[in-house]
Amino acid sequence: MNKIFLLFIITAIAFPEKIFAQRELSLKIGNEIPMGELRWVYKSAPSISIGFSVLKEKSKVNQSLGIGVGFFQFKPQEEIFYYLLNSEEYGTAQYSNYKVFQLFVPMRIDFLLNEKFELFGGVDFGYYYVIYSYHTKDKVIDEEGEAIEGKGALAPKAGINYNLSKKVGLTLQAKYNLYFSLGSSDQQSSSYNSNIGSANHFASLQLGTYIRL
């Protein structure tokens, strides 16, 4: 699968006039909003991503496939969190910044409303590399550790493009990011992961610009 995708991208770059009408470079800045368990610890964070896609034009529809990278880091809501151990005693928990490095394959379909506006929908298939550390302490435990893990990701998205000219435009995009632990449930396997299948999620609201060549 990886070889097929790589061949697809190389062919599109080398022979765009035969296969694709345009190539697209994009830059987006956004606001990442933690959901689920993450939202109890972390607050929203700014993000940045860049991407390259190749577009295939049909009547009033563009289909695109590409590759992109992104980065952001959630910061804790508090320096120290307190939790109730019993009716009289408390424990403390501290968390570092939650860093997320993103590598993804964006797929998109643009519906051309007119020369200026395009509505689009699609999905990003990704690999999110997550890094954070923690320290939990009470009278029973004193535990600290660091989590470094690559996770699979699936992110449906929708938005609107506004073409300032034939080559330059603005884009507004909303995306739901679901990412999950990979590996094997076989304890004898070198890829064993006790957290396999566990998932987190966050929402993205992104504004950007693109150039089509």
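If you read the sequence from its start, that first residue is 1, and numbering goes on from there.
- Annotation: side chain of Leu103 is not in contact with side chain of Tyr129 (no heavy-atom distance under 4.5 Å).
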Next on the checklist: If you apply the rule side chain to side chain contact (heavy atoms under 4.5 Å, CB included), what do you find for Arg212 with Asn163, and how did you get there?
Outcome noted: CA-CA 10 Å; Arg212 293 175 178 173; Asn163 297 312; 3.8 Å; yes

Item to check | Check against side chain to side chain contact (heavy atoms under 4.5 Å, CB included), Asp138 and Thr92 | outcome: CA-CA 6 Å; Asp138 56 46; Thr92 61; over 6 Å; no

Item to check | Test log, rule side chain to side chain contact (heavy atoms under 4.5 Å, CB included), inputs Ser181 and Glu149 | outcome: CA-CA 8 Å; Ser181 295; Glu149 185 179 2; 2.9 Å; yes

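- For the pair Thr171 and Ser26, the minimum side-chain heavy-atom distance is 4.5 Å or more.
- Summarising the hydrophobic clusters (Ile, Leu, Val, Met, Phe, Trp, Tyr; side-chain heavy atoms under 4.5 Å, direct or chained), the residues clustered with Tyr95 are Leu38, Val41, Tyr42, Phe72, Phe74, Phe81, Tyr98, Val100, Tyr128, Val130, Tyr132, Tyr134, Tyr179, Phe202.
- Atom CD1 of Ile50 and atom CG of Leu27 lie 7.5 Å apart (nearest 0.5 Å).
- Crowding of Ile29 atom CD1: a count of heavy atoms from other residues, nucleotides or ligands under 6.0 Å not exceeding 12.
- Each of Glu118, Gln173, Lys116 was evaluated against Asn161; a single residue qualifies, Glu118, per the side-chain hydrogen bond (donor to acceptor under 3.5 Å, both in side chains) test.
- The closest donor-acceptor contact from the side chain of Thr209 to the backbone of Gly169 lies under 3.5 Å.
- For Phe104, the ring pair (Phe, Tyr, Trp, His ring centres under 6.0 Å) criterion is met by no residue, not counting sequence neighbours.
- Through chains of ILVMFWY side-chain contacts below 4.5 Å, Phe111 is grouped with Val61, Ile109.
- A salt bridge is defined here as a Lys NZ or Arg NE, NH1 or NH2 lying under 4.0 Å from an Asp or Glu carboxylate O, and Arg108 with Glu24 meets this definition.
- Within the structure, ring pair (Phe, Tyr, Trp, His ring centres under 6.0 Å) contacts touching residues 140-176 (residues at least two apart or in different chains) are Phe117-Tyr162, Tyr176-His201.
- Not a single salt bridge (charged side-chain N to carboxylate O under 4.0 Å, His left out) links Glu144 to another residue, sequence neighbours left out.
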Item to check | side chain to side chain contact (heavy atoms under 4.5 Å, CB included) between Leu84 and Tyr90, worked out | outcome: CA-CA 5 Å; Leu84 187 63; Tyr90 290 83; 3.8 Å; yes

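- One finds the CD1 atom of Ile33 at 15.0 Å from the NZ atom of Lys43 (value rounded to the nearest 0.5 Å).
- Annotation: Glu89, atom CD; neighbour count of heavy atoms from other residues, nucleotides and ligands within 6.0 Å is above 12.
- Enclosure of atom CD in Glu146 by more than 12 non-hydrogen atoms of other residues, nucleotides or ligands within 6.0 angstrom is indicated.
- The distance from atom CG of Asn177 to atom CD of Glu32, rounded to the nearest 0.5 Å, is 6.5 Å.
- For Phe71, the ring pair (Phe, Tyr, Trp, His ring centres under 6.0 Å) criterion is met by Phe101, not counting sequence neighbours.
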